[in-house]
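Residue numbering restarts at 1 for every chain, and letters A, B, ... go by the order of the sequence lines.
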Amino acid sequence: MSQSIVPNPDRLLPADPGTRSIARDLLKRVEDLPIISPHGHVDAAVIEQNTPFPDPAALLVSPDHYVTRLIHASGVDQSLLRPQAGAQGDNATPDSRVVWREFCKAWPLLEGTASGYWLRNQFQSVFGLQEEPSATDPDASYNAISAKLEEPGFRPRQLFTDFNIEVLATTDDPLDDLASHKAIAEDASFAGRVLPTFRPDQYLNIAHPTWSANVDRLIAAAGDGGSGYAAYITALENRRQYFVEHGAVSADHGVRTPRTLKLDDADAARMFDRARSGQASAQDRENFEAHMMYQMARMSVADGLVMTIHPGSFRNHHEPTFNTFGADSGHDIPFAIDYTENIRPLLQDFGTAKDFHLVLFTMDETVYSRELAPLAGFYPSVYLGAPWWFLDAPDAMLRFRSAVTETAGFSRNSGFIDDTRAFCSIPARHDASRRIEASFLARLVAEHRVSEDRAHEIIVDLVDGSPRRVFKL
Amino acid sequence: MSQSIVPNPDRLLPADPGTRSIARDLLKRVEDLPIISPHGHVDAAVIEQNTPFPDPAALLVSPDHYVTRLIHASGVDQSLLRPQAGAQGDNATPDSRVVWREFCKAWPLLEGTASGYWLRNQFQSVFGLQEEPSATDPDASYNAISAKLEEPGFRPRQLFTDFNIEVLATTDDPLDDLASHKAIAEDASFAGRVLPTFRPDQYLNIAHPTWSANVDRLIAAAGDGGSGYAAYITALENRRQYFVEHGAVSADHGVRTPRTLKLDDADAARMFDRARSGQASAQDRENFEAHMMYQMARMSVADGLVMTIHPGSFRNHHEPTFNTFGADSGHDIPFAIDYTENIRPLLQDFGTAKDFHLVLFTMDETVYSRELAPLAGFYPSVYLGAPWWFLDAPDAMLRFRSAVTETAGFSRNSGFIDDTRAFCSIPARHDASRRIEASFLARLVAEHRVSEDRAHEIIVDLVDGSPRRVFKL
Amino acid sequence: MSQSIVPNPDRLLPADPGTRSIARDLLKRVEDLPIISPHGHVDAAVIEQNTPFPDPAALLVSPDHYVTRLIHASGVDQSLLRPQAGAQGDNATPDSRVVWREFCKAWPLLEGTASGYWLRNQFQSVFGLQEEPSATDPDASYNAISAKLEEPGFRPRQLFTDFNIEVLATTDDPLDDLASHKAIAEDASFAGRVLPTFRPDQYLNIAHPTWSANVDRLIAAAGDGGSGYAAYITALENRRQYFVEHGAVSADHGVRTPRTLKLDDADAARMFDRARSGQASAQDRENFEAHMMYQMARMSVADGLVMTIHPGSFRNHHEPTFNTFGADSGHDIPFAIDYTENIRPLLQDFGTAKDFHLVLFTMDETVYSRELAPLAGFYPSVYLGAPWWFLDAPDAMLRFRSAVTETAGFSRNSGFIDDTRAFCSIPARHDASRRIEASFLARLVAEHRVSEDRAHEIIVDLVDGSPRRVFKL
């Protein structure tokens, strides 16, 4: 049974009528504010070149591992959903109509999920659908979306404006020339800010298969003519500086654990040399990455890039799937993390450093009240990263607010982070976040814990002030 | 003060009037559906022989460690509550009237607990009491229940029908001859399905005191004439097949941790031999059990038995109590577990195996959003086990739904599992679960996250469709 | 914008009108009951000598690390907020007007926090302010509070009576002579009970910098003339006895982890000797502290002192801050703990000991449902410590009740613990706790899980009966 998807104006707001009424007023204060997206995965070249969007399946299904994972769990082979990594030939990429048909069949599986919410919202507000995708007539929604995608105005730059995006950060390889960012910045006809983000994981983590080759390229491209650990550090500093000069405001780190470690230069250099000659032990690999997190903090203190850490994901949990479909194919699984002990070496030396900003994310909710709120409630550098990945969903966002606010208040937050490569979902994600902020604050008002006037100030600060302040925008 | 126990028709439903009204309608869709109980601990012989129930205390108090534990915590010696294990003589088993008197005194301690809720419900709907048990007149409730127990119609088979049970799974020793199950299946006069479950813990865990003796019996009864590890594996396969032939749909594993490990046959055989000769190290014991979990998965892929895992309980925490009263005397205490790393070796090889079903339970709530929902949202084999043991309670069930749904939706659930040896509590437990499903869905409807029509479909699927699908019924 | 702080009579009560109405009635039953505070950090000498309170900043800001931490996080140097430890001279202690000005500027940061709630409540009900502190006119609130502090009746003893405090426990060094407690007890003109608490951390933990010196003093003051481990144990027993004779009802332990261990006397003595000669290994230090927890339990069984454990805080996380400002300066950060395995050796031997009371606290919420409720629901000695430190806040207290009640009911609770050195905040803290108990119970009534009559009994027992029973008052 296909259903209307006209969104209710009260969606996500609390059921209690009195609290809902307060929430509505709070939402009004922020629903039309510009979108600030300081961390995400949209490709800057798409904005620069104003590339037309591909077909509905290639746009909305195949690259979205939130969506394909649930379809896969229902028993559909991923070869019907996404291209095979590095494969060639007729069977390596599924036909878009086939993908869309599978998606329509699986659509009811998304009920109650964050992805389902965002998609329904997009279908209506971005693509103008009136009804949900239907398994009995998948072509109807496919054709309607396709028609929209072919409209001349339906291009990234126009949507950027229509979506009221003010700032959009991308995530970039340290050796990226940032030509797209430069071109966008120099284009007087386009008002949006598209900022690069320095993401050096594959240059810091010895365990990465291409680490040594990456280091070769890094030192060659940005070194000072020297070699070894010292040249490596200099090259990283230089590339960060290049990013700063091209508008970057932050450096992002997708580490396995939040461990940090201060080694002296000689020890670090010896470890680096062992790794370069393929002699690094498992312990070396862990220690070196932890040491490089310390070094990244040191560089952030020097160059002003906000440091963001995204730990705790067991990447590519199912090796056979990874071998066929590559990374980001739906089987990154979180595990328990410890910030209190792990982040301490970094905070000992930089926790109170002037203008240092460190945004800590987690998929392990247990650290919210136990570790992150206490850390962010003391260290001037530490900010609470918005609920991330699986936790970027209505109930999970409410649990986050409940867990951190009583210890850290409202001033220690990163602001909402959409962290998405799905450009068309950005408004839906920010809208959901704003509704949840309104819902949480409305309850505090209804319980006479925060005055209504103060709540109106707080929600504007959460949505607009926090990301500007924390990401130095 | 004794109180009426007439149940309110809105019990467990949300307080907000609008949400409650939606919940009432959802509940109507499922309240009369048959009970499907795919995992529990009722004794099949009791159904087969239609054994009269014992007295109120021996039926409702002594064997229920949920209840006796709280009475014990209040300072009552367990010798007044339950028989001593293996003891003989007048003092080894407390008088039923004494047990009941202690229970009536302790009754207010159960306020707010799941057990109190189930008992109050049973007292009214199964035993026809009008008032709560009273400490001042314990005989009143004792006599009323006794009178009911003596009614000719008050027998297991009649209640099975009255309770509207369609399927009831038991939990059985691998060498059980399953004669009761066979007799029930062949009895045309009884429509209920009573299915055995293969539970081999004491044959897999070297640390179990009778492991070696169990293995002797196993190989003798079901081996292929050989000896050693190969015969052991064959015997397990044969017994599983026997269970399949007698209607079993699942194999259950009560392991300490969810650790799994793939050993090659030669290593496994050496470890087995060391264990048989009493030379196994602590590490051997852990590795062998982890390896046998891998083997159980392999066999499940072959024979189709659904694999269920119940880890994370520190059994028999208080040794003096265990020495006197044996296992299941109220002091099994949960601890933190990790599924992401531990279950990976098993999922690497069998996670996407055709028709393999793996249901993962936990008493550590932290894994719901962090590990179980992400795993069940990717692997076609993995299902979220219903809230288990201490978590099988209204608020805990709501926390479960909130923690898993936004990541895994509603399609990756086992359906409700009562996991009980208390036959008369089965309707109350399923009723509570259905009310909580209605409550959770009603909130999502009230918040415009799921449409009312779709919620009506989902609740039927959760209550009726999921257990049939997941347990291959 | 400065705002009225007249408290709403429905503050903290649930938003749903029906549930709120039930909660109001429940609150009426307990709002005027006397305050029982069995664990806290007020100085007995202040009560004995009826010491006038210092100025507003020195009373309400500088010593309150809940407050200074958030101001510090906003970028204010702690030298503007609190005295430097051990420092002399003009700059070692900030001017009170300066502190207050910083506090007023930072006041909005406390919105939504527990501290903000308590302070607002005190400002109105204790100090008679009509408006919040204002950053534009900090002197207004400073002067108003100062005027109050100078009123002749505004002294500790009068407030003790005005606050309706019946029992207030302090926390004391084992060698304290307890002269203030004795004087108060003997003063017929003062009805309040002020009880000492035995807190021996610095005498048990070898890692403490003054441990050996403490042991010297302990053995000299309270030994039996002997030396070594045996004399140390005897001296501890003697000091506990001294505390018992001076009215103590409990001994408190601020340990890093809840680990316990039973060593035989010879091993313990050898470890003690190694520690005394500076030869203790890290393992020795951990084992000895764990062993001393076992010994403390043994002594509690003998002398009747209730044993309370507060583990899981990484004290003085930021060393530079500790070096300048000393302990309790806002950077104690919780981490994950495990009670199930760690507390077992103690419980094996004393878990069912007659009249032994063991109150377990945590800042790691994950142990509530997983470990603490199951332990307290079986062991007659174990009680659930009230939500502690960062968790002593409205939402966190509701999460606690939700997590423990369904397993352990309402009878296994310590009662509210304010754990504060901020004397003037005591009524606000107890008031908040009572409102949350009413809120939680009102929901259970509204959901027809507990009858209204029974809820009225339960709330009186939680607020008044539990602390009397658990702390043997």
Side-chain angles (χ1 to χ4, degrees), chain B residues 1 3-5 7-17 19-20 65-66 68-70 72-77 106 108-117 312-314 317-321 329-336 363-366 389-396 398-399 439, chain C residues 14-19 22 336 338-341 343-344 347-349 351-352 354-355 365-371 373-383 399 401-412 440-451 453-455 457-458 461:
Chain B
M1 176 176 58
Q3 302 202 332
S4 164
I5 53 172
N8 190 293
D10 287 333
R11 63 191 180 278
L12 301 191
L13 302 188
D16 172 66
T19 314
R20 177 169 289 183
H65 54 78
Y66 284 73
T68 56
R69 63 199 310 281
L70 266 176
H72 176 255
S74 77
V76 176
D77 197 289
L109 305 179
L110 296 168
E111 287 289 354
T113 68
S115 295
Y117 179 85
S313 180
F314 193 119
H317 194 263
H318 190 240
E319 215 168 296
T321 297
S329 53
H331 46 108
D332 297 343
I333 312 289
F335 54 86
M363 288 188 286
D364 175 1
E365 298 187 64
T366 70
W389 202 331
F390 297 112
L391 302 176
D392 172 15
D395 280 14
L398 283 174
R399 291 198 299 273
S439 297
Chain C
D16 172 65
T19 314
I22 299 167
D338 159 30
Y339 264 117
T340 299
E341 300 253 8
I343 202 74
R344 191 172 177 245
L347 290 176
Q348 285 289 92
D349 287 357
T352 58
K354 189 167 158 49
D355 293 334
E365 298 187 63
T366 71
V367 303
Y368 284 157
S369 73
R370 189 180 66 214
E371 306 180 24
L375 287 167
F378 171 76
Y379 288 103
S381 57
V382 175
Y383 292 91
R399 291 198 300 273
R401 277 276 166 255
S402 173
V404 302
T405 302
E406 296 178 325
T407 292
F410 291 102
S411 65
R412 310 299 308 153
F440 181 74
L441 278 162
R443 178 168 68 82
L444 265 56
V445 170
E447 293 169 3
H448 304 290
R449 294 165 62 182
V450 171
S451 74
D453 286 348
R454 193 54 56 84
E457 298 168 12
I458 290 170
D461 193 62

K.L.:
Could you tell me whether the side chain of R412(C) and the main chain of A73(B) form a donor-acceptor pair under 3.5 Å?
P.N.:
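Between the backbone of A73(B) and the side chain of R412(C) there is a qualifying donor-acceptor contact (under 3.5 Å).
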K.L.:
Please flag which part of T407(C) lies under 4.5 Å from any non-hydrogen atom of chain B: side chain, backbone, both or neither.
P.N.:
both
K.L.:
Once salt bridge (Lys or Arg N to Asp or Glu O under 4.0 Å) is applied, do any residues pair with R449(C), and if so which ones, sequence neighbours excluded?
P.N.:
D395(B), E406(C), E447(C)
K.L.:
Checking heavy atoms, do the side chain of P108(B), its backbone, both or neither come under 4.5 Å from chain C?
P.N.:
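P108(B) touches chain C through backbone and side-chain heavy atoms alike.
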K.L.:
Side chain from CB out, backbone as N, CA, C, O: work out which of these in S329(B) comes under 4.5 Å of a heavy atom of chain C, or both, or neither.
P.N.:
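For S329(B), the contact with chain C is made by the backbone alone.
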K.L.:
Please classify the contact between R401(C) and chain B as side chain, backbone, both or neither, with a heavy-atom cut-off of under 4.5 Å.
P.N.:
neither
K.L.:
Before you tell me yes or no, could you show the steps for F410(C) and D461(C) under side-chain contact (heavy atoms from CB on, under 4.5 Å), namely the whole-Å CA-CA distance, both residues' side-chain angles and the distance that decides it to 0.1 Å?
P.N.:
CA-CA 9 Å; F410(C) 291 102; D461(C) 193 62; over 6 Å; no
K.L.:
Report the option among T366(B), D364(B), L109(B), D16(B) that has the most heavy-atom pairs separated by less than 4.5 Å from atoms of chain C.
P.N.:
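Among T366(B), D364(B), L109(B), D16(B), the one with the most close pairs to chain C is D364(B).
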K.L.:
Looking at residues at least two apart in the chain, or sitting in another chain, which of them share a salt bridge (Lys or Arg N to Asp or Glu O under 4.0 Å) with D349(C)?
P.N.:
K262(C)
K.L.:
Determine yes or no for a side-chain-to-main-chain donor-acceptor pair under 3.5 angstrom, with T340(C) supplying the side chain and P334(B) the backbone.
P.N.:
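Yes; judged by distance alone, with no hydrogens or angles, the pair exists.
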K.L.:
Check each atom of R344(C) against the heavy atoms of chain B and say whether the ones under 4.5 Å are side chain, backbone, both or neither.
P.N.:
both
K.L.:
So which of A396(B), G75(B), P394(B), S439(B) has the biggest tally of heavy-atom pairs under 4.5 Å with chain C?
P.N.:
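Highest number of heavy-atom pairs under 4.5 Å: P394(B).
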K.L.:
What part of F390(B) gets within 4.5 angstrom of chain C, counting heavy atoms only: side chain, backbone, both, or neither?
P.N.:
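Both backbone and side chain of F390(B) come within 4.5 Å of chain C.
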K.L.:
Using a cut-off of under 4.5 Å for heavy-atom pairs, which of L375(C), L347(C), D338(C) has the most such pairs with chain B?
P.N.:
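Between L375(C), L347(C), D338(C), the count favours L375(C).
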K.L.:
Can you find a heavy atom in the side chain of W389(B) that is under 4.5 Å from one in the side chain of D332(B)?
P.N.:
yes
K.L.:
Most heavy-atom pairs under 4.5 angstrom with chain B, which of V382(C), V450(C), V367(C)?
P.N.:
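Most pairs with chain B among the choices: V450(C).
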K.L.:
Using non-hydrogen atoms only, which part of E319(B) is less than 4.5 Å away from chain C: side chain, backbone, both, or neither?
P.N.:
both
K.L.:
Please tell me whether F378(C) and H65(B) form a close aromatic pair, meaning their ring centres lie under 6.0 Å apart.
P.N.:
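No; H65(B) has its ring centre 6.0 Å or more from that of F378(C).
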K.L.:
Find the one option among R11(B), H318(B), R20(B) whose heavy-atom pairs under 4.5 Å with chain C are most numerous.
P.N.:
H318(B)
K.L.:
Taking side chain as everything from C-beta outward and backbone as N, CA, C, O, which of these in Y368(C) sits under 4.5 Å from a heavy atom of chain B? Side chain, backbone, both or neither.
P.N.:
neither
K.L.:
Give, as side chain, backbone, both or neither, the part of L110(B) having an atom under 4.5 angstrom from any heavy atom of chain C.
P.N.:
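Neither part, no heavy atoms under 4.5 Å.
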K.L.:
Checking heavy atoms, do the side chain of A376(C), its backbone, both or neither come under 4.5 Å from chain B?
P.N.:
backbone
K.L.:
If you round to the nearest 0.5 Å, how far is CG of L441(C) from OG1 of T19(C)?
P.N.:
12.0 Å
K.L.:
Between R69(B), H72(B), H317(B), H331(B), which is the residue that forms a side-chain hydrogen bond (donor to acceptor under 3.5 Å, both in side chains) with Y379(C)?
P.N.:
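Among the candidates, only H317(B) passes.
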K.L.:
Short question: side chain of R399(B), backbone of E365(B) - any donor-acceptor pair under 3.5 Å?
P.N.:
no
K.L.:
Could you tell me which portion of L398(B) (side chain, backbone, both or neither) has an atom closer than 4.5 angstrom to a non-hydrogen atom of chain C?
P.N.:
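Neither the backbone nor the side chain of L398(B) comes within 4.5 Å of chain C.
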